[in-house]
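In what follows, chains are A, B, ... by sequence order, proteins preceding strands, each numbered from 1.
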Amino acid sequence: MRVFLEQLINGLTIGSFYGLIALGYSMVYGVLKLINFAHGDFFALGSYLGYTLLVAGSSLLTARLGLWGGLLACTVAAALCVALAGLLVERVAYRPIYPAGRLPAVVSALGASVIIQNVIMIFWGPRYQAYPAALVPAARIEVFGLGLTVLQLVILAISFLLMGGLWFVIQRTAWGAAVRATALDRDTASLMGIDFNRVIRFIFTLGPGLGAVTGVMVGLYYRQISFTMGWNYGLKAFTATILGGIGNIPGAMFGGLILGVLEMLGSAYVSTAWKDVFVFLILILVLILRPNGLFGEKTAEKV
Amino acid sequence: MKRRVALSIAMVLLCAFCAFAGGSKEAGPVLIGLQGPVTGAWAYEGQMAKQSCEIAAELINQKGGILGGRKVQIVVEDDAGEPKTGALAATKMTGNRNVVASVSTYGSSICEPASAIYEKAKMVNIAYGSTAVRLTGKGLQYFFRTCGRDDSQGMFFAQAVPQKFAAKRIAIMHDNTAFGKGLAENARDALKPAIDAKQVEIVYYDAITPGEKDFRVPLTKMRETKPEVWYFTGYYAEAALLVTQAREIGIACPFVGGNAAINDEFVKIAGPKLAKGCYMTNEPLPSDLGTAEAAEFLKAYKAKYGEIPSSPWPVYAADAVNVIAYAVDKAGTTDGTKLAAYLRDKVDGVSGITGKIGFTDTGDREGVPFYLYVVDEQGKIVISK
């Protein structure tokens, strides 16, 4: 039982990363019906920016704000930079070709993904980078007999806070209402005075920003980052999006968590070598029984 | 009239230049290909291989080149460490008619499809890091390798490791790549006599997925089997994460990696504190080679790049260049079929950076030694005493 609980927390941690990245896919898909393949690379970019900020600014920030304060400042700064990058990519790679339909935009997204990945490689080099161990909080605590790191708990808490916060923004604020309205019917929403381009800018600030926060957390948690990591996490997050129902915000969050736990179950109780087979088998079953994903049909409003 | 003279002079000059261009082509450089992971997840290895091959070519050229003074030049095709890109790279390499032979490549799973393409094009290809056994078991005529095979490494593990740690409970973990899985299977097969005699027991045998970052789930599962030594037959990126996470969840048994698991990057990512005392079964590192050729090569490499290669593989790539150049020079041909026959039958005990080079009938290197290495206090990788 103790081992199972430990494994469950492991699975949830992996799953919350998938969920946070999946949100970015889901929001863009909801509004634009575009699968933004560059999203995984925003996540990687955030991870690298966080790394540089942390290494370069550690003496300054950590002295002023303490270890946790310094981390927070770096994370926020990285998120802002990546949000800017998101806006730029939207402006350059997507907006000029919206009129051409969906398929060219997907190809353009793949192109953006390749470019971001290579920009990271050129700036930071092809080697793996490691977040310095001294800058990562190493405190440990015991909870119900389980040895956990404080960092792990903080990451879990922040993930849930961010997911909840996003849900609140989308469901309870005027901005969120505009996003939902655009997702439902873009033309009618425009007639009601909602500026389509502003909604898109909003989405492309929020999604990559969230991706960047996830990137920094992944960097802190695993300490090792590589410029190709965006692809791997992007693919898993995309799977989570499909599992939860693409375009659906709670679906993306729970899709991520469920995927993490499924991976854990497959790995711990079937075989790690066959983990992905197990996970995708379940994904196929879900899609046969509920073609719109687990949460796709319940909510009328897709975002 | 004047114009006509000018025109004829121009024509004569043109012809002369053509002849000159044609003539210089004959004496132009001999192109040797390198297909390697210059970008992608193994970019670090790929770039060291590229630098090593270029140094090897420079040294050959300094000594007067081959085939009576022709220079050796390296043509690099990037395979990004991916089977698909590797097939493309091999196609491009074989499409370049001036390339006489190719050094290819680091990862076994990339080497496998590429070697089929080279075979079809009748181009000699010498792998420098692809150690999976089955590569030479398919009767390929043009495939060779300067590195050893996983089964000899697996055998070494079975003989040396359980005894050294007085370990009875052994965990083996691979990464589902052609290389990792092959080495894990070979280690398991080599342990079979000891298992049958009830001296040791394999308590855990499973694979992780490369490219992922969280291995706490399989590690927790492994911890519950209480292994006394743990053999991981994958690459350094995952090895570093595995060691970090294993120590965190309380696995204290010795870590032994395969020959791709530990290099400077491993020490950097895991940190010197955790890396200390991690073992690996390995071919001798460049600094432990001890041949005169190695000393010369490492000196030139260090002069140009400031450090020597941190893993064993790049020097095998350099030796592949050396042996190709040797065969082209001695056989006096750039024809693929003749070169392959020469390498197989005539190349025996040629001195290279990594020792004497010779090939078996299947294209394997003859006699490659293994050592048990360990990471010391300063994060240096040294032979374990």
**OP:** Would you indicate whether the side-chain heavy atoms of Lys275(A) and Thr209(B) approach each other to under 4.5 Å?
**Re:** yes

Subject >> Which atoms of Tyr204(B) approach chain A - backbone, side chain, both or neither, heavy atom under 4.5 Å >> reply: side chain

Original post:
Does Glu45(B) come within less than 4.0 Å of Arg127(A), counting only side-chain N to carboxylate O?
Top reply: no

Original post:
Quick one: CD on Gln117(A) to OG1 on Thr39(B), what's the gap to the nearest 0.5 Å?
Top reply: 9.0 Å

Subject >> Nearest-0.5 Å distance, OG of residue Ser226(A) to OH of residue Tyr44(B) >> reply: 15.5 Å

Original post:
Is it true that a side-chain atom of Lys213(B) and a backbone atom of Gly219(A) form a donor plus acceptor pair closer than 3.5 Å?
Top reply: no

Original post:
Looking at OG1 of Thr220(B) and CG of Asn10(A), how far apart are the two atoms once the value is rounded to the nearest 0.5 Å?
Top reply: 5.0 Å

Subject >> Test log, rule side-chain contact (heavy atoms from CB on, under 4.5 Å), inputs Tyr222(A) and Gln245(B) >> reply: CA-CA 8 Å; Tyr222(A) 303 118; Gln245(B) 292 170 16; 3.4 Å; yes

Original post:
Would Glu212(B) and Lys236(A) pass as an ion pair if we require N to O under 4.0 Å?
Top reply: yes

Original post:
After noting the C-alpha distance and the side-chain angles of Arg223(B) and Glu6(A), does the key distance pass the salt bridge (Lys or Arg N to Asp or Glu O under 4.0 Å) rule?
Top reply: CA-CA 12 Å; Arg223(B) 185 189 66 196; Glu6(A) 224 174 307; 3.0 Å; yes

Original post:
Tyr131(A) versus chain B, heavy atoms under 4.5 Å apart: side chain, backbone, both or neither?
Top reply: neither

Original post:
Sub-3.5 Å donor-acceptor pair from the side chain of Gln224(A) to the main-chain atoms of Ile269(B), do we have one?
Top reply: no

**OP:** Evaluate whether atom OH of Tyr269(A) has more than 12 neighbouring non-hydrogen atoms of other residues, nucleotides or ligands under 6.0 angstrom away.
**Re:** yes

Original post:
Passes side-chain contact (heavy atoms from CB on, under 4.5 Å), Val3(A) versus Glu224(B)? Steps please.
Top reply: CA-CA 8 Å; Val3(A) 174; Glu224(B) 298 306 307; 3.5 Å; yes

**OP:** Can you see which heavy atom on Gln47(B) is nearest to which on Pro126(A), and at what distance?
**Re:** NE2-CG, 3.8 Å

Original post:
Between atom CH2 of Trp42(B) and atom OH of Tyr128(A), what is the distance when rounded to the nearest 0.5 Å?
Top reply: 9.0 Å

**OP:** Heavy-atom pairs under 4.5 Å with chain A are the metric here; pick the option from Ala237(B), Gly46(B), Ala41(B) that has the most.
**Re:** Ala237(B)

Subject >> Option among Asn176(B), Asp206(B), Asp175(B) that satisfies the side-chain hydrogen bond (donor to acceptor under 3.5 Å, both in side chains) test with Thr272(A) >> reply: Asp206(B)

Original post:
Which heavy atom of Arg223(A) sits nearest a heavy atom of Thr244(B), and at what distance?
Top reply: NH1-CG2, 4.4 Å

Subject >> Interchain contact, Pro37(B) with chain A, by part (heavy-atom threshold 4.5 Å) >> reply: neither

**OP:** Side chain from CB out, backbone as N, CA, C, O: work out which of these in Phe215(B) comes under 4.5 Å of a heavy atom of chain A, or both, or neither.
**Re:** neither

Original post:
Using non-hydrogen atoms only, which part of Asp276(A) is less than 4.5 Å away from chain B: side chain, backbone, both, or neither?
Top reply: side chain

Subject >> chain B contact via Phe17(A) - side chain, backbone, both or neither, heavy atoms under 4.5 Å >> reply: neither

Subject >> Greater than 12 external heavy atoms within 6.0 Å of Trp231(A)'s CH2 >> reply: no

Subject >> Side chain, backbone, both or neither of Glu248(B) within contact of chain A (heavy atoms, under 4.5 Å) >> reply: both

Original post:
What do you reckon, is NZ of Lys92(B) surrounded by more than 12 foreign heavy atoms closer than 6.0 Å?
Top reply: no

Subject >> Heavy atoms of other groups near Lys276(B) NZ, more than 12 under 6.0 Å >> reply: no

Subject >> Contact class of Leu241(B) relative to chain A, heavy atoms under 4.5 angstrom >> reply: side chain

Subject >> chain B contact via Met264(A) - side chain, backbone, both or neither, heavy atoms under 4.5 Å >> reply: both

Original post:
If you draw the axis of the six-membered ring of Tyr221(A), does the NZ or CZ of Arg216(B) fall within 45° of it and under 6.0 Å from the ring centre?
Top reply: yes

